[in-house]
Amino acid sequence: MNEHKINPSTLYIVATPIGNLGDISTRALAILSQVDIIACEDTRHTQKLLSAYTIKNKTLSMHDHNERQRQDYIAQLLQEGKSIALVSDAGTPLISDPGFHLVRHCRSLGLAVSPIPGACAAIAALSAAGLPTDRFSFEGFLPSKSTARQGALLALANETRTMVFYDAPRRAIDTIKDIVTTLGGERYVVIARELTKTFETIHSDNAENLLAWLEQDPNQLKGEMVLIIEGYKADVNDISSEVINTLKLLLAEMKPKKACAITAQIHGVKKNALYEFALSLKSER
Ligand code: SAM
């Protein structure tokens, strides 16, 4: 493992497994063994991973509540030439996890920050969901209260990209009900639960059927979950012939993005809804 060179004065952002402890790279293990100190979201949690790989190294806690205080101390150690790893409880640090303030602080001081890539629940779920991944929108956690959650979902009603959320399975029924209310029962949704663990389940259906499936199996309300919602699909029948004519004329002269923006302005329609349709027109030619 020692063939992986480690640099002084460097903050390594190390991804760790999201369940299966085998999902860690040899480089990540080498970095965790060799750095001067490992900053952890929860030292006891990370200790289990370190013990599994017989890594004995110093740890320091750095979580949401002490990140601002810790950042000066960590930056000082880095300036003295120390190398430090940052890990979260699971997956990639900073992705809905602590570390943003520390990384920004280190970069503002000109200190090296180097990613050691690995597991991320959002990307793992997306890779197995069977929904478009060429463009997607990571939305993090949905609000826990229904009114705020419905508001957040409504704001995304015309989002044409695949949307990825983190959610707690115990809230899944309420969340799917809110999806039915705001985006409609026909919207296609994927639930990716307990990824890389014994009870890994990836289930997809339209929101209405998914709700029925969840309600009849309480086991699906346990563990950890990523929710993926298919992007809004513009229905040609919803676009008037007047709008289509304008769009076609403009598409002959300019790129789809600009054509959609101008058409949207002329006719007072949503440009996101037009974009997918414009691309389909373009590929028909
Ligand atoms: N930084 C992590 C990452 O890279 O995925 C995410 C941290 S966030 C605090 C934790 C959330 O990630 C969970 O509530 C769940 O939505 C999702 N998650 C983590 N592990 C998971 C797993 N094994 N299966 C499904 N979702 C998971």
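For ligands, and for the atoms within them, numbers begin at 1 and follow the listed sequence. Remember, it's a predicted structure, so these values are computed and weren't measured experimentally.
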A.B. asks: Short question: side chain of Tyr232, backbone of Leu156 - any donor-acceptor pair under 3.5 Å?
C.D. replies: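 Not confirmed, Tyr232 side chain does not pair with Leu156 backbone.
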A.B. asks: Is there a heavy atom of Ala192 sitting under 4.0 angstrom from any atom of ligand 1?
C.D. replies: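 Heavy atoms of Ala192 do come under 4.0 Å of ligand 1.
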A.B. asks: When you look for heavy atoms under 4.0 Å from ligand 1, do you find them on the side chain of Ala90, its backbone, both, or neither?
C.D. replies: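 Backbone only; the side chain of Ala90 stays clear of ligand 1.
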A.B. asks: What part of Glu194 sits under 4.0 Å from ligand 1 if we count only heavy atoms: the side chain, the backbone, both or neither?
C.D. replies: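 Near ligand 1, Glu194 shows its backbone, while the atoms from C-beta on stay back.
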A.B. asks: Show the atoms of ligand 1 that are less than 4.0 angstrom away from any heavy atom in Asp167.
C.D. replies: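 The list of qualifying atoms is 16 (O).
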A.B. asks: Looking at ligand 1, does Thr196 have a heavy atom less than 4.0 Å from it?
C.D. replies: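 No; Thr196 lies far enough from ligand 1 that no heavy-atom distance drops under 4.0 Å.
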A.B. asks: What pair of heavy atoms forms the shortest contact from Thr133 to Phe136, and how long is it?
C.D. replies: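 Reported closest heavy-atom pair: O-CD2, 3.7 Å.
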A.B. asks: Atom NZ of Lys258 and atom OG1 of Thr263: how far apart are they, to the nearest 0.5 Å?
C.D. replies: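 It is 12.0 Å, given to the nearest 0.5 Å.
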A.B. asks: Counting only nitrogen or oxygen atoms and a 3.5 angstrom limit, does Ala121 reach ligand 1?
C.D. replies: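 Such a contact does occur with ligand 1.
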A.B. asks: Under 4.0 Å, heavy-atom basis, I'd like to know which part of Asp97 is in contact with ligand 1: side chain, backbone, both or neither.
C.D. replies: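 Side chain only; the backbone of Asp97 stays clear of ligand 1.
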A.B. asks: Is there at least one pair of N or O atoms, one from Tyr166 and one from ligand 1, spaced under 3.5 Å apart?
C.D. replies: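 Yes, since at least one N or O of Tyr166 sits under 3.5 Å from an N or O of ligand 1.
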A.B. asks: How far is atom 25 (C) of ligand 1 from its nearest protein heavy atom, and which residue and atom is that?
C.D. replies: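 Result: Glu224 O, 3.4 Å.
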A.B. asks: Under a single-linkage definition using a 4.5 Å side-chain heavy-atom cutoff for Ile, Leu, Val, Met, Phe, Trp and Tyr, are Leu86 and Ile31 assigned to the same hydrophobic cluster?
C.D. replies: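 Each belongs to a different hydrophobic cluster.
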A.B. asks: Would Phe141 count as a contact residue for ligand 1, given that I'm defining contact as a non-hydrogen atom of the residue lying under 4.0 Å from a ligand atom?
C.D. replies: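 Heavy atoms of Phe141 do come under 4.0 Å of ligand 1.
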A.B. asks: Is a donor from one side chain sitting under 3.5 angstrom from an acceptor on the other, for Asp178 and Ser146?
C.D. replies: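 Yes, because at least one side-chain N or O of Asp178 sits under 3.5 Å from a partner of the opposite role on Ser146.
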A.B. asks: With nothing but distance in play, are any N or O atoms of Gly19 less than 3.5 Å from an N or O of ligand 1?
C.D. replies: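 Gly19 vs ligand 1: no N/O contact under 3.5 Å.
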A.B. asks: Are the side chain of His4 and the backbone of Ala30 linked by a donor-acceptor contact shorter than 3.5 Å?
C.D. replies: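 Pair absent, no side-chain N/O of His4 close to backbone of Ala30.
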A.B. asks: Which option, Met225, Glu41, Lys197, owns the non-hydrogen atom nearest atom 16 (O) of ligand 1?
C.D. replies: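 When every heavy atom of Met225, Glu41, Lys197 is considered, Met225 comes closest to atom 16 (O) of ligand 1.
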A.B. asks: Hey, is the main chain of Ile6 close enough, under 3.5 Å, to the side chain of Tyr12 for a donor-acceptor pair?
C.D. replies: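 No; zero donor-acceptor contacts below 3.5 Å.
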A.B. asks: Would you say that more than 12 heavy atoms from the other residues, nucleotides or ligands in this model lie under 6.0 Å from the CD of Gln47, or not?
C.D. replies: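 Above 12, so yes.
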A.B. asks: Out of all atoms in ligand 1, which are within 4.0 Å of some heavy atom of Gly91? Include the element for each.
C.D. replies: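 Matching atoms, with element in brackets: 3 (C), 4 (O).
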A.B. asks: Show the atoms of ligand 1 that are less than 4.0 angstrom away from any heavy atom in Thr92.
C.D. replies: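 Result: 1 (N), 3 (C), 4 (O).
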A.B. asks: Sub-3.5 Å donor-acceptor pair from the side chain of Asp89 to the main-chain atoms of Glu41, do we have one?
C.D. replies: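 No, because the side chain of Asp89 does not come within donor-acceptor range (under 3.5 Å) of the backbone of Glu41.
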A.B. asks: To the nearest 0.1 Å, how far is atom 24 (N) of ligand 1 from its closest protein heavy atom, and which atom is that?
C.D. replies: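 For atom 24 (N) of ligand 1, the nearest protein heavy atom is Leu195 N, 2.9 Å.
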A.B. asks: State, without any angle test, whether Glu80 and Gln76 hold a side-chain donor-acceptor pair at a distance under 3.5 Å.
C.D. replies: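 Short answer, yes.
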A.B. asks: Using a plain distance cutoff, I'd like to know if Ile95 has any nitrogen or oxygen under 3.5 Å from a nitrogen or oxygen of ligand 1.
C.D. replies: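 For ligand 1, there is an N or O atom that lies under 3.5 Å from one belonging to Ile95.
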A.B. asks: Is Ser96 close to ligand 1, meaning an N/O of one under 3.5 Å from an N/O of the other?
C.D. replies: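 Between Ser96 and ligand 1, no N or O pair is found under 3.5 Å apart.
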A.B. asks: Does Leu102 offer a backbone N or O that forms a donor-acceptor pair with the side chain of Glu67 under 3.5 Å?
C.D. replies: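 Confirmed, Glu67 side chain pairs with Leu102 backbone.
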